[in-house]
Asks: 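Quick one: structure below, then a few questions.
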Amino acid sequence: YYRRADPLGAAGDFTTAPEISQMFGEMIGLWCAEMWQRMGRPAPAILAELGPGRGTLMADLLRAARMAPGFPAALRLHLVETSPALRARQRAALPGLDVVWHDRVESVPDGPLLLVANEFFDALPVHQFVCTPRGWRERLVAVGADGRFGLVLAAAPTPMAALIAPALRDSAAEGAVAEVSPASIAAAAAIGRRIAAQGGAALILDYGDAQGRGGDTLQAVRRHARHDPFDAPGSADLTAHVDFARLAQAASEGGARCHGPVSQGAFLERLGIRLRADRLRPAAVPGSVDAALDRLIGPAGMGTLFKALAVVHPDLGPPPAFEQPDAMDSA
Ligand code: SAH
């Protein structure tokens with residue numbers, strides 16, 4: 001799906017936070033600049049982004065990064081992106097900058113790291129399991145008599161069932177559904193190991209529960225509407241809720257410290273998005289800044305469902321916006 005074309009924006013299938021407003025990437029730029037200063041202002045420092053989409057977040061981040069003297073010049077940009085169409089968009093969004101692209105986070109070179117991933121983990125594949133009287137059975141994709149794809153239950157246990165969270169695995173009722181994302185766990189573990197060994201901080205923003213509650217969260221979206229995942233495969237965006245507790249566990253096992261998740265609304269408010277909105281409002285189309293603010297931080301928009309998780313070297317302490325717990329997270 002991602003390899004075919006650029007799926008983002010009003011004319012595409014879905015819209016993400018950086019495409020709603022420049023304020024989103026700018027707040028993340030301030031967060032990165034503060035973390036770079038706490039890291040002792042390393043030069044060079046690697047700035048990596050996973051799944052950078054159109055490159056909008058990175059362009060906005062780098063503009064805000066100019067607030068910290070020496071920070072932009074210290075940065076070496078590494079983008080993890082598998083889509084040729086989106087790599088071309090990223091190239092165009094970052095004119096004149098040296099950028100190195102990678103297929104996987106594991107190939108980003110060694111060194112002090114700042115890493116950002118917005119709506120990357122939700123795009124990674126999940127395995128689903130159903131709790132049956134004979135144990136957990138994986139849902140597999142099969143071709144039915146009518147020639148269409150559909151779901152069937154595996155006849156026997158399959159290996160990925162070992163990744164189901166123990167709390168869910170041992171206490172689920174018959175019919176319960178569990179999801180695991182081995183690719184997400186591997187990426188979070190790689191980030192945690194790297195940060196523990198070489199220093200740095202990562203910011204993971206996505207939608208999902210603070211504690212994975214189980215359930216079937218796979219969804220397909222096409223032209224901003226829900227879609228049957230098996231109808232015209234490859235034409236719709238497939239995503240699943242991110243299990244932040246599972247990502248934090250994987251990153252912590254590598255030796256990094258995790259903070260949060262805090263809701264996206266709390267994260268952006270604590271970084272000062274309302275002050276930024278005040279600055280942008282006079283020159284903007286009337287109402288546009290407040291509409292964007294509402295989508296980014298309001299509970300009916302992305303403010304509560306979306307969350308931010310920080311993965312940092314243990315010496316750095318709680319990052320900006322993660323110092324206090326977030327009342328909304330227990331919701
Ligand atoms: N961060 C952007 C785009 C989110 S869409 C934004 O917020 O607008 C998901 C992004 O992850 C796309 O850039 C997509 O091409 C990329 N992606 C999806 N699966 C990937 C994978 N397995 N490896 C690397 N990039 C991937």
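Since we're looking at a predicted model, the values are computed, not measured. Just follow the structure's listing: the first ligand is 1, and inside any ligand the first atom is 1.
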Asks: What atoms of ligand 1 come closer than 4.0 angstrom to any heavy atom of G53?
Replies: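 Listed by number with element, the hits are 2 (C), 3 (C), 13 (O).
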
Asks: Any idea which atoms of ligand 1 are less than 4.0 Å away from a heavy-atom of E81?
Replies: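 With E81 as reference, the close atoms of ligand 1 come out as 12 (C), 13 (O), 14 (C), 15 (O), 16 (C), 25 (N).
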
Asks: Need the ligand 1 atom indices (1-based, order shown) with element for anything under 4.0 Å from a heavy-atom of L124.
Replies: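 Counting atoms of ligand 1 from 1, those under 4.0 Å from L124 are 22 (N).
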
Asks: Which heavy atom of R91 sits nearest to which heavy atom of G96, and what is that distance?
Replies: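 Heavy-atom minimum between the residues: NH2-N, 4.1 Å.
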
Asks: Considering only heavy atoms of T82, which atoms of ligand 1 have at least one such atom less than 4.0 Å away?
Replies: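 Answer for ligand 1: 20 (C), 21 (C), 23 (N), 24 (C), 25 (N), 26 (C).
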
Asks: Considering only heavy atoms of T16, which atoms of ligand 1 have at least one such atom less than 4.0 Å away?
Replies: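 So the answer, numbered in order with elements, is 6 (C), 7 (O), 8 (O).
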
Asks: Evaluate the side chain to side chain contact (heavy atoms under 4.5 Å, CB included) criterion for residues L77 and L97: first the C-alpha distance (whole Å), next the side-chain angles of each, then the deciding distance (0.1 Å), finally the verdict.
Replies: CA-CA 8 Å; L77 300 186; L97 294 171; 4.0 Å; yes

Asks: Check whether any side-chain N or O of T158 sits under 3.5 Å from a backbone N or O of M160 as a donor-acceptor pair, and report yes or no.
Replies: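 Absent.
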
Asks: Given F121, Y2, F120, which has its nearest heavy atom closest to atom 5 (S) of ligand 1?
Replies: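 Looking at heavy atoms only, the winner is Y2.
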
Asks: Could you tell me whether a side-chain N or O of D206 sits under 3.5 Å from a main-chain N or O of F121, the two making a donor and an acceptor?
Replies: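 At least one qualifying donor-acceptor pair exists.
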
Asks: For P125 versus P182, what's the shortest heavy-atom pair and its separation?
Replies: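 Distance-wise, the nearest heavy atoms are O-CD, 4.4 Å.
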
Asks: Looking only at non-hydrogen atoms, which of G25, G51, P52 approaches atom 10 (C) of ligand 1 most closely?
Replies: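 The nearest heavy atom belongs to G51.
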
Asks: If I apply the N/O under 3.5 Å rule, does E19 come out as touching ligand 1?
Replies: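 It does not: no N or O of E19 is found under 3.5 Å from an N or O of ligand 1.
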
Asks: With a 4.0 Å heavy-atom cut-off (strictly under), which part of L50 contacts ligand 1: side chain, backbone, both or neither?
Replies: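 Neither; nothing of L50 gets under 4.0 Å from ligand 1.
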
Asks: Tell me which part of N118 gets within contact of ligand 1: side chain, backbone, both or neither, using heavy atoms under 4.0 Å.
Replies: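 It is both backbone and side chain that touch ligand 1.
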
Asks: How close do D216 and R139 get, counting heavy atoms only, and between which atoms?
Replies: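 Minimum heavy-atom separation between D216 and R139: OD2-NH1, 3.5 Å.
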
Asks: Does R279 have more than 12 heavy atoms from other residues, nucleotides or ligands lying within 6.0 Å of its CZ?
Replies: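 Counting other residues, nucleotides and ligands, CZ of R279 stays at 12 neighbours or fewer.
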
Asks: Going by the atom numbers of ligand 1, which of them fall below 4.0 Å from some non-hydrogen atom of P18?
Replies: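 That gives atoms 6 (C), 7 (O), 8 (O) of ligand 1.
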
Asks: How far is atom 9 (C) of ligand 1 from the closest protein heavy atom, and which atom is that?
Replies: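 In this structure, atom 9 (C) of ligand 1 has E119 O, 3.3 Å as its nearest protein heavy atom.
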
Asks: Working to the nearest 0.5 Å, report the span between CG of L113 and CD1 of I191.
Replies: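 If we round to the nearest 0.5 Å, L113:CG and I191:CD1 are 8.0 Å apart.
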
Asks: Would you mind listing which atoms of ligand 1 come within a distance below 4.0 Å of any non-hydrogen atom of S83?
Replies: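 Those atoms are 15 (O).
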
Asks: Mind listing the closest non-hydrogen atom pair of A251 and C258 along with its distance?
Replies: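 Smallest interatomic distance, heavy atoms only, reads CB-SG, 3.8 Å.
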
